[in-house]
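Comments concern the structure below.
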Amino acid sequence: MAEAENDTPETRMARLILALRSQGVIEPKVLSAIETTNRPMFTQALFRERAFEDSALPIACGQTISQPFVVGLMTQALKIDKRDRVLEIGTGSGYQTTILSKVARLVYTVERYRTLMKEAEGRFKELGLTNVITRFGDGGEGWPEQAPFDRIMVTAAAPGEPKALLSQLKPTGVLVAPIGKGPVQVLRRYTGDGQGGFQIEDLIDVRFVPLLDGVAKEL
Ligand code: SAH
């Protein structure tokens, strides 16, 4: 759909919400979290004009802010309860974190770039989010001191089954992650069966930046 340059942010947001709905993001609390989150503030000045488009955009450190549809679908797929403690791997811009903070009790988020972590922390402060706890580190290892989690969301592509993260999930918890080594991965949902096993479902094809080992040496 054509973006008219003189459309107000409200009109642009309404159009984005309609687009997400038509693609299957229908959970009211997820749509409301997206609608009340000002995506332009998570983007770089150069791309701010495109913040209401349903597309991923570049952020610092060669990373990306996820596509709103994918953010909505992943949040919906996690089936989050207001009492849940959620672990997010890959803070990036902090956009997905902010959406999670509106539907969960506590969000723990890990990022391997100091620059991105600091920028995201600044946004959380500006927004007055009091239920987001950040950590600079290798998210592939999860956050053992705070485990187990009700829900885990991985926003970078894991090459295979994320075993360390699955071990930090409650017995009936849910984990959603893009899985695959190539440019296109499958968004996979693991639902704990309460006995140490998982029901596995493949949702859609997605394109995420890779989950990398260790923290970034560059800033
Ligand atoms: N959720 C983000 C998407 C960021 S892209 C948003 O809404 O903006 C994925 C992020 O995962 C990048 O910032 C990347 O640096 C980070 N990442 C990749 N591997 C990681 C790892 N092992 N530990 C923590 N963060 C990682």
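Just so you know, ligand 1 is whichever comes first in the structure, and atom 1 is the first atom listed for that ligand.
- For I65, no nitrogen or oxygen atom sits less than 3.5 Å from a nitrogen or oxygen atom of ligand 1, counting backbone and side chain alike.
- The closest protein non-hydrogen atom to atom 5 (S) of ligand 1 is T64 O, 3.1 Å.
- Of all protein heavy atoms, the one lying nearest to atom 20 (C) of ligand 1 is R112 CD, 3.2 Å.
- For atom 18 (C) of ligand 1, the choice among G139, P210, G90, A216 with the nearest heavy atom turns out to be P210.
- For ligand 1, the polar-atom distance check against T155 finds a nitrogen or oxygen pair separated by under 3.5 Å.
- Under 4.0 angstrom from ligand 1, the non-hydrogen atoms of L116 all belong to its side chain.
- Counting only non-hydrogen atoms, the option in E88, M74, R39, E111 that gets closest to atom 15 (O) of ligand 1 is E111.
- Nearest non-hydrogen protein atom to atom 12 (C) of ligand 1 is Q63 OE1, 3.3 Å.
- The parts of Q96 lying near ligand 1 are both backbone and side chain, judged by heavy-atom distances below 4.0 Å.
- For ligand 1, the atoms sitting less than 4.0 Å from at least one non-hydrogen atom of Y113 are 15 (O), numbered in the order shown with element in parentheses.
- Contacts with ligand 1 closer than 4.0 Å are made by no heavy atom of V215, backbone or side chain.
- Here the heavy atom of the protein found nearest to atom 19 (N) of ligand 1 is L212 N, 3.0 Å.
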